[in-house]
Amino acid sequence: MRLAARPAARCAGRPAELVHGVDLALERGRVTALVGASGSGKSLTCLGLQGLTPPGVERTGGRVRLDGAEVAPATLPGRVVATVMQNPRSAFNPVLTMRAHARETLTVRGAADGLDDLLAAALAEVGLPEPGRIARLHPFEMSGGMLQRMMIALALLAEVPFLLADEPTTDLDPLAQAHILALIERLVVSRGLGVLIVTHDMGVVARLADEVAVMEAGRIVETAPVAELFAAPRSDAARALLAAHRALYPEELA
Ligand SMILES: Nc1ncnc2c1ncn2[C@@H]1O[C@H](COP(=O)(O)OP(=O)(O)OP(=O)(O)O)[C@@H](O)[C@H]1O
């Protein structure tokens, strides 16, 4: 299955484009990394792909094709794509338990029967033990790493083929980061999940990605298989990101 999109967005009421109709294609079982300097448009691209924009931003384009057939972007969240964000706490309703979140997710899928068994299986798959206890917790009773896992568990419950992970490890400690990356890596293989991962960390790119798209000033300036990008980056933006990573971690990527 292939999801292709061309999101475009600008500041509401202003002519200047923030994202210039960037072409992105995701495939099941493959990881695409979206990299670029801060403010280059990665998050807006991720949102635009799902027909979403933050306040103050308007979509100016964004046809989405699923296996070649055009679909309305707004129909994607919860059915075709699930999202894992940098700050998972903001993605949860503070007054709902994890069980209630799971019920909402299953209702969108039209499969609310067997909630507790399905939730227990999803929690086990993401490495959250004691499903009975987790089901009763509210977001404020859970750590950032637990909430990230819970977001991935909800994606599994939704049975979506694609996961959009916008800086999923930025706010986590190194151990929790390693667990989340290993989990995503495993689900790409076991579930054939197609993943778009937005990250600043070229170490994460080297480990997880099959393809890399490099953004600069609202445009994709380079797309390449990961090994090619590391060996011979063509764009200034990619060269700058790699140089910065090598300066920080000279022992890696030698
Ligand atoms: N709600 C908003 N209103 C107005 N401009 C916005 C809004 N959100 C983002 N922008 C602008 O759109 C551009 C792209 O922002 P975006 O958040 O997509 O960048 P990013 O590459 O994800 O950055 P970072 O890596 O720092 O998260 C930036 O110039 C930003 O200032």
Side-chain angles (χ1 to χ4, degrees), residues 3-26 31-64 73-74 76-77 81-91 144 147-148 151 162-172 176-177 180-181 184 195-209 211-224 226 229 233 235-249:
L3 178 71
R6 196 160 208 277
R10 70 175 172 216
C11 246
R14 300 229 201 116
E17 300 271 317
L18 297 169
V19 173
H20 298 259
V22 300
D23 280 310
L24 260 183
L26 305 182
V31 179
T32 301
L34 185 59
V35 301
S38 205
S40 56
K42 304 179 299 294
S43 294
L44 288 185
T45 297
C46 244
L47 286 172
L49 207 144
Q50 309 166 69
L52 303 171
T53 47
V57 174
E58 61 191 21
R59 290 176 73 238
T60 51
R63 290 163 67 129
V64 177
L76 299 179
V81 301
T83 312
V84 180
M85 291 181 299
Q86 178 176 353
N87 177 1
R89 217 166 284 283
S90 63
L147 288 170
Q148 279 308 30
M151 287 193 84
F162 296 102
L163 183 72
L164 307 181
D166 191 350
E167 299 190 37
T169 57
T170 305
D171 283 350
L172 303 180
Q177 284 185 20
I180 292 294
L181 293 177
I184 292 175
V195 176
L196 179 70
I197 184 163
V198 173
T199 179
H200 288 118
D201 187 335
M202 296 307 280
V204 170
V205 175
R207 169 169 168 188
L208 276 192
E211 278 89 34
V212 191
V214 184
M215 278 199 90
E216 187 178 23
R219 298 179 198 276
I220 290 186
V221 292
E222 178 167 0
T223 308
V226 67
L229 185 106
S235 62
D236 289 343
R239 279 192 286 273
L241 286 169
L242 287 169
H245 187 83
R246 287 182 172 125
L248 279 172
Y249 307 102

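Just so you know, residue 1 is the first one in the sequence shown, and it goes up from there. Each ligand, and each atom within it, is numbered from 1 in the order the structure gives.
No donor-acceptor pair under 3.5 Å is formed between the side chain of Glu216 and the backbone N or O of Val221. For the pair Lys42 (side chain) and Ile197 (backbone), a donor-acceptor distance under 3.5 Å is absent. No donor-acceptor pair under 3.5 Å is formed between the side chain of Arg6 and the backbone N or O of Arg63. Put simply, the side chain of Gln148 gets close to the backbone of Pro168: a donor and an acceptor are under 3.5 Å apart.
Scanning both residues, Gly144 and Arg89, for their nearest heavy atoms gives N-NH2, 3.7 Å.
What sits closest to atom 17 (O) of ligand 1 on the protein, heavy atoms only, is Ser43 CB, 3.7 Å. For atom 18 (O) of ligand 1, the closest non-hydrogen atom on the protein side is Leu44 N, 2.9 Å. The nearest protein atom to atom 26 (O) of ligand 1, hydrogens excluded, is given as Ser38 OG, 2.4 Å; this is a heavy-atom distance. The shortest contact between atom 7 (C) of ligand 1 and any protein heavy atom is with Val57 CG2, 3.5 Å. Considering only non-hydrogen protein atoms, atom 29 (O) of ligand 1 sits nearest to Gly39 O, 3.8 Å. In this structure, the protein non-hydrogen atom closest to atom 4 (C) of ligand 1 is Cys11 SG, 3.7 Å.
Distances from atom 21 (O) of ligand 1 to the protein include at least one heavy-atom value under 4.0 Å.
Between Thr45 and ligand 1, not a single N/O pair is under 3.5 Å apart. Between Gly41 and ligand 1, a contact under 3.5 Å exists for at least one N or O pair.
Atom CZ of Arg219 has 12 or fewer heavy atoms from other residues, nucleotides or ligands within 6.0 Å.
Residues Leu229 and Met202 are in side-chain contact: their nearest non-hydrogen atoms beyond the backbone lie under 4.5 Å apart.
Remark: ligand 1 atoms within the under-4.0 Å shell around heavy atoms of Ser40 are 19 (O), 21 (O). Set against the non-hydrogen atoms of Pro54, the atoms of ligand 1 under 4.0 Å away are 1 (N). If you number the atoms of ligand 1 from 1 as listed, the ones under 4.0 Å from a heavy atom of Lys42 come out as 18 (O), 19 (O), 20 (P), 21 (O), 22 (O), 23 (O), 24 (P), 25 (O).
Ligand 1 has Pro55 within reach: a non-hydrogen atom of the residue lies less than 4.0 Å from it. Not a single heavy atom of Gln86 sits closer than 4.0 Å to an atom of ligand 1. At least one heavy atom of Glu167 sits under 4.0 Å from some atom of ligand 1. Proximity of Ala37 to ligand 1 is established by a heavy-atom distance of less than 4.0 Å.
One finds the CG atom of Leu181 at 8.0 Å from the CG atom of Asp201 (value rounded to the nearest 0.5 Å). Remark: Leu241 CG to Arg239 CZ distance equals 11.5 Å, nearest 0.5 Å.
Applying the side-chain contact (heavy atoms from CB on, under 4.5 Å) test between Val198 and each of Thr45, Leu34, Thr170 identifies Leu34 as the sole match.
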(message) With side chain to side chain donor-acceptor pair (under 3.5 Å) as the criterion, how do Thr83 and Gln50 come out once you've worked through the C-alpha distance, each side chain's angles and the decisive distance to 0.1 Å?
(response) CA-CA 10 Å; Thr83 312; Gln50 309 166 69; 3.2 Å; yes
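With a 4.0 Å heavy-atom cut-off, ligand 1 is reached by the side chain of His200 but not by its N, CA, C or O.
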